[in-house]
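Numbering of residues begins at 1 and proceeds along the displayed sequence.
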Amino acid sequence: MRENKIDFIKNFKKVIIVYAVIFLAGIVFMFIPGFGVKLDINFSGGTKIAYSYTGDVKDADIEAAVKEVIKKSFTVSKSTSLTGDTKTFEISLVGKDSVSAEDQEKLATTLNEKFKDNKIELYNSNSVSPTVAGSFFAKSLVAVLITAVLVIIYVGIRFKRIGGISAAITALCALVFDVFITFFTCVFFRLQLDSNYIAVVLTILGYSLNDTIVIYDRVRENARLMPEAEIGEVVNTSINTSLR
């Protein structure tokens with residue numbers, strides 16, 4: 001088998017520059033009108049009302065019908081079930097804006113009048129107060145901090161021969177980089193941060209930490225087998241053999 005000989009240490013500065021560019025671009029995009037951070041109602045509070053329908057309905061027609069009843073800022077998005085047998089459109093109001101039960105009834109009546117041939121039916125309705133959303137966000141941050149502390153303790157103890165706490169902090173930095181990359185990807189492509197985003201982040205963090213542990217294991221093994229080698233050479237050898 002051909003042996004990989006990639007000099008990762010030599011390219012380290014280039015990688016850091018790429019990360020820095022992505023981070024700066026992400027921060028800039030956060031303040032550009034039309035981009036920014038789009039939070040789901042679970043994080044910011046608000047109301048979501050989904051209706052099922054048949055046939056084809058234009059987004060512009062839905063928005064026009066909704067504006068007749070709801071005099072607040074809202075967005076409309078369409079989706080189709082995985083089986084393809086259910087089509088829905090969702091009306092979202094983020095923040096303190098909400099829709100009263102009376103307005104929901106008027107909205108349902110208006111939609112059925114405007115789209116008589118599309119069999120409009122209430123599919124789902126969900127409201128979250130800003131207070132509850134803020135509490136949920138705070139608890140999420142606490143969970144992240146607790147996880148960070150546990151990662152530092154675990155990695156620091158397990159890899160005390162190759163740095164201990166410094167190795168743990170480095171592993172944590174790698175996790176933070178991965179989280180920010182996914183976050184800025186959502187900012188670039190104007191994706192909403194919701195429960196799906198949390199699931200994606202947790203999956204990435206799981207794989208990222210696992211990959212870091214695998215590399216650290218190889219570094220610890222090679223540090224014992226290559227006692228005269230510099231740390232950069234040990235790291236390069238460890239990553240290349242792991243790639244194989």
Side-chain angles (χ1 to χ4, degrees), residues 1-32 35-38 140-194 196-244:
M1 182 182 293
R2 185 177 64 84
E3 203 173 310
N4 294 318
K5 293 183 179 180
I6 303 173
D7 192 343
F8 291 95
I9 300 302
K10 180 181 178 181
N11 295 314
F12 179 72
K13 290 183 179 179
K14 296 178 181 178
V15 173
I16 293 298
I17 291 173
V18 171
Y19 266 120
V21 170
I22 294 174
F23 275 42
L24 289 174
I27 293 172
V28 170
F29 270 76
M30 285 175 60
F31 298 98
I32 295 178
F35 289 88
V37 182
K38 297 181 180 295
S140 298
L141 289 179
V142 171
V144 170
L145 290 175
I146 292 174
T147 303
V149 172
L150 293 175
V151 167
I152 290 176
I153 293 173
Y154 168 72
V155 177
I157 293 174
R158 181 170 176 179
F159 297 101
K160 58 183 178 181
R161 291 186 178 180
I162 59 169
I165 295 300
S166 62
I169 294 175
T170 304
L172 185 61
C173 287
L175 297 181
V176 171
F177 282 156
D178 291 337
V179 171
F180 273 107
I181 290 299
T182 57
F183 171 73
F184 288 137
T185 299
C186 291
V187 172
F188 292 149
F189 294 99
R190 304 174 68 184
L191 302 176
Q192 191 176 60
L193 304 188
D194 54 14
N196 291 324
Y197 170 77
I198 298 300
V200 168
V201 168
L202 291 175
T203 302
I204 290 174
L205 289 182
Y207 277 106
S208 178
L209 183 58
N210 179 71
D211 293 344
T212 301
I213 297 301
V214 170
I215 298 297
Y216 276 7
D217 269 326
R218 190 54 60 89
V219 171
R220 181 174 56 181
E221 177 185 342
N222 286 330
R224 188 177 67 253
L225 298 175
M226 306 164 59
E228 304 298 328
E230 295 183 356
I231 184 61
E233 184 181 351
V234 174
V235 170
N236 272 332
T237 301
S238 302
I239 300 177
N240 277 295
T241 52
S242 296
L243 283 176
R244 249 201 344 264

- Query: Can you tell me if CZ on Phe188 sees more than 12 non-hydrogen neighbours from other groups inside 6.0 Å?
  - Reply: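 Result for CZ/Phe188: enclosed.
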
- Hey, is OH on Tyr207 packed in by over 12 heavy atoms from elsewhere, all under 6.0 Å?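 Not more than 12 within 6.0 Å, no.
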
- Task: Using a 4.5 Å cut-off on heavy atoms from C-beta on, say whether the side chain of Ile22 contacts that of Phe177.
- Result: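 With C-beta onward as the side chain, the pair stays apart.
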
- Query: Only one of Thr241, Asn222, Asp7 forms a side chain to side chain donor-acceptor pair (under 3.5 Å) with Asn236, so which one is it?
  - Reply: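 Among Thr241, Asn222, Asp7, the one meeting side chain to side chain donor-acceptor pair (under 3.5 Å) with Asn236 is Asp7.
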
- Query: Which of these passes side-chain contact (heavy atoms from CB on, under 4.5 Å) with Ile213: Asp217, Ile215, Asp211?
  - Reply: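 Per the side-chain contact (heavy atoms from CB on, under 4.5 Å) rule, the option paired with Ile213 is Asp217, out of Asp217, Ile215, Asp211.
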
- Would you call the rings of Phe23 and Phe180 parallel, tilted or perpendicular, where under 30° means parallel and over 60° means perpendicular?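 Rings of Phe23 and Phe180: tilted, as their planes differ by 30° to 60°.
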
- Item | Steps toward side chain to side chain contact (heavy atoms under 4.5 Å, CB included) verdict (Leu243, Ile6) | CA-CA 10 Å; Leu243 283 176; Ile6 303 173; 4.2 Å; yes

- Kindly say whether the aromatic ring centers of Phe183 and Tyr197 come within a distance under 6.0 Å.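 Ring centres of Tyr197 and Phe183 not closer than 6.0 Å.
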
- Shortest non-hydrogen contact from Arg220 to Ile162?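 Result for this residue pair: CA-CG2, 3.7 Å.
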
- Query: How would you list all residue pairs meeting ring-ring contact (aromatic ring centres under 6.0 Å, His included) that involve residues 224-244, not counting sequence neighbours?
  - Reply: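 Sorted result for residues 224-244: empty, none.
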
- Mind checking ring pair (Phe, Tyr, Trp, His ring centres under 6.0 Å) for Phe8 and listing every partner two or more places apart, or none if nothing turns up?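 Per chain and number, Phe8 pairs via ring pair (Phe, Tyr, Trp, His ring centres under 6.0 Å) with no residue.
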
- Item | Partners meeting side chain to side chain contact (heavy atoms under 4.5 Å, CB included) with Arg190 (sequence neighbours left out) |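 With neighbours one apart ignored, the set is Phe35, Lys38.
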
- So, Asp178 and Ser208: side-chain donor and acceptor under 3.5 Å apart, yes or no?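 Checked: Asp178/Ser208 side chains pair up, N/O donor to acceptor below 3.5 Å.
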
